[in-house]
2 protein chains.
Amino acid sequence: MITLHDKKYTCPVDVTLGFIGGKWKLLILSHLHWQEQSSYTRLKENLPGVSEKMLSQQLKELERDLLITKQVVSRKPYRVMYSLSGEGKSLAPLYEFVSEWGVRYLKKHGIDYIQDQHLYK
Amino acid sequence: MITLHDKKYTCPVDVTLGFIGGKWKLLILSHLHWQEQSSYTRLKENLPGVSEKMLSQQLKELERDLLITKQVVSRKPYRVMYSLSGEGKSLAPLYEFVSEWGVRYLKKHGIDYIQDQHLYK
DNA sequence: ACGGTTCCCTACTTTTTGGTAAGTTGTTGC
DNA sequence: GCAACAACTTACCAAAAAGTAGGGAACCGT
């Protein structure tokens, strides 16, 4: 058993899941992977179904865990940009693989995702 | 929006998450990845903290989703073996990557997982 | 015949997660 | 001055996921 930040993990896989688990995190991260950077509103528009509560909550956790970076672009009109940090980018193979696996699965089942979707590359 | 088996997905990443999401699935799958095959009891022993309810529930779903295979090894004394199916094996890079990322994270934070853990290679 | 083991299932409760809806601050544009 | 927009926060509620605790069938060894 591994103890980290007061939580218990059974193995390295479990540790990683602690960072990217949850309904929206991998979605947010891979969005930022394809888009490089994104504002709060853009993120919201590109993650169909996410509520603002969930979005800001998950963004806060991802920032706390150092997977993403939030930069305040301007203060007078308060504008913000989210992007992957170095740590977040180190998960890039995962975003790619998970996405490609999904695409392959859909193809195998005769669904052409390109026609239906509207965000990922 | 992608519809598959009466559920809605926003993108390919979401589709993949539909199969491997949840607290125990990736743990079960990667266990089977390292161990090749495992009995119910062995699985239980090697996933610290899993309840029998969760274990059999998740195994059932993984089998339904064709990621694992259950073979009845003997009937007189009822014995069973779980292993990855072809589909399950196609996720192998993911098990490897997620595990290695966890190991790297732990090392970076000065935790030597080999001493603490008891299952993954 | 009895305890132990394997391989589960089920009802119930708790915890966690997620959703709704509204409010807030500070802008810009008209 | 007022609506609109960006970037949130908060309180409250519902749903989903997970945990607890027990049962149960079939076998095996002694």
Side-chain angles (χ1 to χ4, degrees), chain A residues 1 5-10 13-14 17-29 31-32 35 37-65 68-83, chain B residues 1 5-10 13-14 17-29 31-32 35 37-65 68-83:
Chain A
M1 207 63 97
H5 307 133
D6 300 330
K7 279 197 156 192
K8 303 269 177 198
Y9 301 94
T10 64
V13 171
D14 205 10
L17 286 179
F19 292 103
I20 59 168
K23 196 174 172 182
W24 298 106
K25 282 189 183 169
L26 210 59
L27 256 18
I28 293 172
L29 290 169
H31 172 77
L32 291 175
Q35 303 294 314
Q37 63 166 206
S38 210
S39 69
Y40 180 84
T41 303
R42 181 129 175 259
L43 237 2
K44 196 177 62 180
E45 287 166 356
N46 284 302
L47 300 174
V50 74
S51 67
E52 305 210 13
K53 176 195 161 196
M54 275 298 109
L55 182 57
S56 58
Q57 197 176 94
Q58 306 285 292
L59 285 171
K60 218 179 279 180
E61 288 180 23
L62 289 169
E63 209 195 338
R64 178 202 63 195
D65 295 339
I68 65 170
T69 307
K70 169 181 172 179
Q71 44 179 318
V72 179
V73 173
S74 91
R75 294 199 170 277
K76 339 273 190 73
Y78 185 63
R79 294 295 179 271
V80 151
M81 275 297 171
Y82 291 96
S83 54
Chain B
M1 205 64 95
H5 307 133
D6 301 330
K7 280 196 157 192
K8 304 269 175 199
Y9 301 94
T10 63
V13 171
D14 205 10
L17 285 179
F19 291 104
I20 59 168
K23 196 174 171 182
W24 297 106
K25 282 188 182 168
L26 211 59
L27 256 18
I28 293 172
L29 290 169
H31 173 76
L32 292 174
Q35 302 294 316
Q37 63 166 207
S38 209
S39 68
Y40 181 84
T41 303
R42 181 127 176 261
L43 238 0
K44 198 178 62 181
E45 289 167 354
N46 283 300
L47 300 175
V50 74
S51 68
E52 303 210 12
K53 177 199 159 195
M54 273 299 109
L55 182 57
S56 58
Q57 196 175 94
Q58 305 286 292
L59 285 170
K60 218 180 279 180
E61 289 180 22
L62 289 169
E63 209 195 338
R64 180 203 63 196
D65 294 338
I68 65 170
T69 306
K70 169 183 173 177
Q71 46 179 318
V72 178
V73 174
S74 92
R75 294 198 171 277
K76 341 273 189 73
Y78 185 64
R79 295 292 180 273
V80 150
M81 274 298 171
Y82 291 96
S83 54

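The basis for the numbers below is simple: all heavy atoms, side chains too, and nothing from hydrogens, waters or symmetry mates. Below, read A as the first sequence line, B as the second, and so on, with proteins coming before strands; counting in each chain starts at 1.
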Quick one: which protein N/O atoms are closer than 3.5 Å to N/O atoms of nucleotides 21-24 of chain C? Pair and distance per line, please.
none

Next item on the list: Please state how far atom CG in B:L47 lies from atom P in D:dG19, giving the value in whole angstrom units.
Entry: 12 Å
Next item on the list: Return the set of residues passing ring-ring contact (aromatic ring centres under 6.0 Å, His included) with A:Y82 (not counting sequence neighbours), or none when no residue passes.
Entry: none
Notebook entry, point to check: According to a strict under-4.0 Å criterion, is A:K44 in side-chain N/O contact with OP1 or OP2 of D:dA6?
Noted result: no
Note to self: Between P on D:dA18 and CH2 on B:W24, what's the gap in Å once rounded to a whole number?
What the structure shows: 9 Å
Next item on the list: Please state how far atom CD in A:E61 lies from atom P in C:dT16, giving the value in whole angstrom units.
Entry: 13 Å
Next item on the list: Rounded off to whole Å, could you give me the NZ-to-P distance for the B:K23 and C:dT17 pair?
Entry: 9 Å
Check: To the nearest 0.5 Å, what is the distance between CG (A:L27) and CG (B:L17)?
Finding: 6.5 Å
Check: Minimum heavy-atom separation for B:V50 to B:K44, with atom names?
Finding: CG1-O, 4.2 Å
Scan the side chains in residues 71-79 of chain A for donor-acceptor partners under 3.5 Å anywhere in the protein, sequence neighbours excluded, and list what turns up.
{"residue": "A:S74", "atom": "OG", "partner": "A:P77", "partner atom": "O", "Å": "2.3"}

Note to self: Ignoring hydrogens and geometry beyond distance, is a side-chain donor-acceptor pair present between A:R42 and A:Q35 at under 3.5 Å?
What the structure shows: yes
Next item on the list: To the nearest 0.5 angstrom, please state how far the OG atom of B:S38 sits from the CG atom of B:L32.
Entry: 6.0 Å
Item checked: B:Y82 vs C:dC8: side-chain N/O to OP1/OP2 distance below 4.0 Å -> yes
Notebook entry, point to check: If you round to the nearest 0.5 Å, how far is CD1 of A:I28 from CD of A:E61?
Noted result: 9.5 Å
Notebook entry, point to check: For DNA chain C, which residues in residues 72-81 of chain A have a heavy atom at a distance below 4.0 Å?
Noted result: A:K76, A:P77
Check: Of the nucleotides D:dT20, C:dC7, D:dT9, which has the atom closest to the B:S39 side chain?
Finding: C:dC7
Notebook entry, point to check: Rounded to whole angstroms, how far apart are NZ on A:K60 and P on D:dC8?
Noted result: 9 Å
Checklist line | Test side-chain contact (heavy atoms from CB on, under 4.5 Å) applied to B:K60 - qualifying residues, sequence neighbours left out | finding: none
Notebook entry, point to check: Looking for any heavy atom pair under 4.0 Å, which part of the strands does B:T41 touch: base, sugar-phosphate only, or nothing?
Noted result: sugar-phosphate
Checklist line | B:K7 NZ - D:dA15 C1' separation (whole Å) | finding: 12 Å
Next item on the list: List in chain and number order the residues that pass salt bridge (Lys or Arg N to Asp or Glu O under 4.0 Å) with A:E63, two or more places apart in sequence or in another chain; answer none if no residue qualifies.
Entry: none
Check: Is the phosphate of D:dC8, meaning OP1 or OP2, less than 4.0 Å from a side-chain N or O of A:S56?
Finding: no
Next item on the list: Specify the separation, in whole Å, of atom CG of A:L59 and atom C1' of D:dT9.
Entry: 14 Å
Margin query: Whole angstroms only, please: what is the CG-P distance between B:L55 and D:dA18?
Written below: 13 Å
